[in-house]
Amino acid sequence: MLRSHTCGELNIQNVGQEVTLAGWVQKSRDLGGMTFIDLRDRYGITQLVFNMATNAALCEEARKLGREYVVKVQGSVAERSNKNPKLPTGEIEIIVDSFKVLNPSELPPFTIEDNTDGGEELRMKYRYLDLRRNPIKRNLELRHKMALETRNYLDSQGFYEIETPFLIKSTPEGARDFVVPSRMNEGQFYALPQSPQTFKQLLMIAGYDRYFQIVRCFRDEDLRADRQPEFTQIDCEMSFVTQDDILNTFEGMTKHLFKNVKGVEVEDFPRMTYDEAMKYYGSDKPDIRFAMKFVELNDVAKGKGFRVFDDAELIVGICAKGCAAYSRKQLDQLTDFVKKPQIGAKGLVYLKFNEDGSFKSSVDKFFDQEALKGCAEKFEAKPGDLMLILAGETDRTRKALNELRLEMGNRLELRNPNVYKPLWVVDFPLLEWDEETQRYHAMHHPFTSPRKEDIEIMETKPGEVRANAYDLVTNGVEIGGGSIRIHNKELQKRMFTLLGFTDKEAQNQFGFLMNAFEYGAPPHGGIALGFDRLVALFGGSDSIRDYIAFPKNNAGRDVMIDSPSEISKEQLDELGLCIRQTTARKAIR
RNA sequence: GGUCACGUAGUUCAGUUGGUUAGAAUGCCGGCCUGUCACGCCGGAGGUCGCGAGUUCGAGUCUCGUCGUGACCGCCA
């Protein structure tokens, strides 16, 4: 080793020792007579001291060291006369006898500090420099610990970690596939897995009744702060289990992570049906750190002559505690908020329950005090509360009110990132109607089993069939989801028929799985947790990028290595591909 | 596919109603300084205002296009 110690481990106990350290120059402070240099590595910072009085030549040399130079120093550990309580190594310093520049450095384009002066774009371009910063280092350490604890827990529960292939077959359901041309099979393509779904089911059929994998998945869809084209899942599958067994196992895992990584004990996870989640929160991933549940007002608000309400499919609102004193300006802000195109509400009705017991609303023309009181009672409102009401078509209105509820939660600071409220959302619909293609889509995926009592209505009322599917939700973020799978060929066939597959198509796309079902498939089910999101949640951030060593930007580009990029004519020829002229021209620009 | 925001010194930003020589902080360079740790003090260098076109007597500022970045909607079983 080029060093005897790291830059984070020396302390008052080591005084007098001769040591060799290696690291990067974080900062130098030249005081004239003496020079201090902070030497940094992954483990911390140790101060080096050079003194003109004792070794002028060495001190002169040290003054020339620039930021991010890599140096090796030999010296002795000494107690500082002026200690720095902010640093773990702040009681000591190294009196340097000699040093060597292992590698000089260009001046970095941004400062390598906790609060860097670098913007997002620059930091991504020089990601290897950004990764030297403490906050990112802490995030990757958190990620490592969580992966380790995940493996510890699942190992303790008898799970095997088994790898599955990345070069697989493209399937029509679900997200768009990333595709890889095959040189040896010209004109044919592999797809990268959106998840190891079918393989883990095959592992169940093979008898590996507890499988997991911390695995990369690929989806060629547009990105967000919490979505990358390649991302990591904790992917799991179990045989001979009921839904409760899976929920309990992974509730256990989540609690284990909270306890062993964050030192937080979380309460048992409530279970809420999809219908309840939509009715009371307008979302299939409710943030239950705060209440402000939806209250439906159809029976008290209709028939008062207010057209917007009378014509509405749903009139629904929330009660913001203690907000009756909101000014006209604040209410206008909220109205503008819900009218934004992304939210899509046409307007906002407010109802103030004043401290003096009177009511004031934006619909006073149609509602007398008694009628307003009737509404307020529905909300169980108290004097000082503000009720915010939307009306319109059910799904849209709920969606908009969900956004408003979260906005109010932010304004009232009810969404503390240090509070964790996980829950299970269960009984998802099996199918979802897609307007664009005019057919049903699997809401989860095509292998999800319908609830037993709903199987008989699969063909008659497909939209009402509930699935044995569940999501793990925490603080308004979908952390994971899974289902009990179909393990019966006939039922799987019926499912494919519902999804609009012909027998031939189903056989072509998923024949391998259907055939496997004929060889003793056990009942099975599983779950996949979004590892990047889980780590970001633990780290208290909405963006997963800072928890991935080398992330891509929101156009799916890696700005550091500048990918994707064109490939040579020779490569294209070898693959039997040609690029459309219009596309090629665009790419050149 | 769509909406919005941003793009000015190495970096982060300010820049008024379109008006003379585009500023600040930080970083960088030089000088001074023996206990700093956000060191301090003095001085200095550093600009294709993303790019292109247009409007105008005059554009960092207004308009259009384009590129880049970020956020969101659609999309993401």
Side-chain angles (χ1 to χ4, degrees), chain A residues 26-39 45-54 56 59 63-64 66-67 78-87 89-91 93 106-126 129 171-177 193-195 197-198 217-229 231 340-344 399-400 403 428-432 434-436 440-448 467 469 471 478 481-483 495 499 528 530 542-543 545 552-555 557 559 562 586 589:
Chain A
Q26 172 75 24
K27 180 151 232 170
S28 82
R29 289 177 292 280
D30 178 0
L31 272 62
M34 57 198 317
T35 291
F36 299 99
I37 289 180
D38 290 339
L39 191 69
I45 282 179
T46 298
Q47 177 168 286
L48 314 177
V49 61
F50 299 86
N51 198 320
M52 276 307 232
T54 52
C59 197
R63 283 180 178 183
K64 294 178 190 160
R67 274 163 53 201
E79 184 172 1
R80 290 198 201 182
S81 57
N82 256 5
K83 293 178 180 171
N84 183 352
K86 291 181 206 158
L87 281 181
T89 61
E91 289 192 295
E93 62 196 355
E106 289 290 315
L107 190 67
F110 53 87
T111 57
I112 314 292
E113 282 162 19
D114 289 10
N115 286 312
T116 179
D117 62 4
E120 185 88 4
E121 190 179 349
L122 207 57
R123 287 169 43 217
M124 285 305 161
K125 187 169 176 192
Y126 298 91
L129 297 181
T171 56
E173 279 284 306
R176 201 174 289 120
D177 285 317
Q194 298 170 27
S195 84
Q197 182 59 37
T198 49
C217 302
F218 306 86
R219 291 177 193 176
D220 187 9
E221 295 292 346
D222 287 1
L223 308 176
R224 293 286 186 276
D226 64 348
R227 270 168 24 195
Q228 285 273 303
F231 61 98
K340 282 196 299 188
Q342 300 99 307
I343 311 288
K399 197 179 153 215
E403 298 293 342
F428 273 79
L430 183 70
L431 302 167
E432 197 175 24
D434 182 9
E435 284 294 336
E436 207 175 306
Y440 281 103
H441 264 263
M443 192 153 183
H444 186 55
H445 58 54
F447 318 108
T448 300
D471 274 0
E478 181 194 332
S483 63
M495 182 69 180
L499 296 173
D542 291 328
S543 174
R545 282 186 207 157
K552 294 182 175 45
N553 74 8
N554 66 352
R557 299 200 68 87
V559 295
D562 193 26
K586 203 174 168 189
R589 268 192 293 138

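Chain A is the first sequence line, chain B the second, and so forth, proteins listed ahead of strands; every chain is numbered from 1. Remember, it's a predicted structure, so these values are computed and weren't measured experimentally.
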Suppose you measure atom C1' in B:C76 against the same atom in B:A38; what distance do you get, rounded to whole Å? 44 Å
Give one of base, sugar-phosphate or nothing for A:N553, where a contact means two heavy atoms less than 4.0 Å apart. sugar-phosphate
Categorize A:K27 for me: base, sugar-phosphate, or nothing, with a 4.0 angstrom heavy-atom threshold over every strand shown. sugar-phosphate
Base partner of B:A14, which must satisfy Watson-Crick or wobble distances under 3.5 Å: none
Within the 4.0 Å heavy-atom criterion, would you say A:L31 contacts the bases, only the backbone, or no part of the nucleic acid? base
Could you check whether A:R123 gets within reach of a base, just the sugar-phosphate, or nothing at all, counting any heavy atom under 4.0 Å? nothing
May I ask you to verify if any side-chain N or O of A:N554 is less than 4.0 angstrom from the OP1 or OP2 atom of B:G70? yes
Please work out if A:A53 contacts a base, only the sugar-phosphate, or nothing of the nucleic acid, heavy-atom cut-off 4.0 Å. base
Separation of A:M124 CE from A:K552 NZ (nearest 0.5 Å): 11.5 Å
Mind checking if A:V49 touches a base, just sugar-phosphate, or nothing, with heavy atoms under 4.0 Å? nothing
With heavy atoms under 4.0 Å as the rule, sort A:L87 into base, sugar-phosphate or nothing. nothing
Can you tell me if A:R176 touches the phosphate of B:G74, counting only side-chain N or O atoms and a distance under 4.0 Å to OP1 or OP2? no
Is the closest basic N to carboxylate O distance between A:R227 and A:D222 below 4.0 Å? no
Is A:F110 touching bases, backbone alone, or none of the nucleic acid, heavy atoms closer than 4.0 Å? nothing
Can you see which heavy atom on A:E113 is nearest to which on A:K27, and at what distance? OE2-NZ, 3.9 Å
Select base, sugar-phosphate, or nothing to describe what A:Q342 touches, counting heavy atoms under 4.0 Å on all strands. sugar-phosphate
OP1 or OP2 of B:C28 versus the side-chain N and O atoms of A:R67: is any pair under 4.0 Å? yes
Base paired to B:A5 (Watson-Crick or G-U; both N/O distances under 3.5 angstrom): B:U69
May I ask which nucleotide in the shown strands pairs with B:A45, Watson-Crick or G-U wobble, both distances under 3.5 Å? none
At 4.0 Å (heavy atoms only), tell me whether A:R224 reaches a base, stays on the sugar-phosphate, or touches nothing. base
OP1, OP2 of B:U36 versus side-chain N and O of A:R29: anything below 4.0 Å? no
For A:T35, answer base if it contacts any base atom (sugar-phosphate contacts may also be present), sugar-phosphate if it contacts only those atoms, and nothing otherwise; contact means non-hydrogen atoms under 4.0 Å. nothing
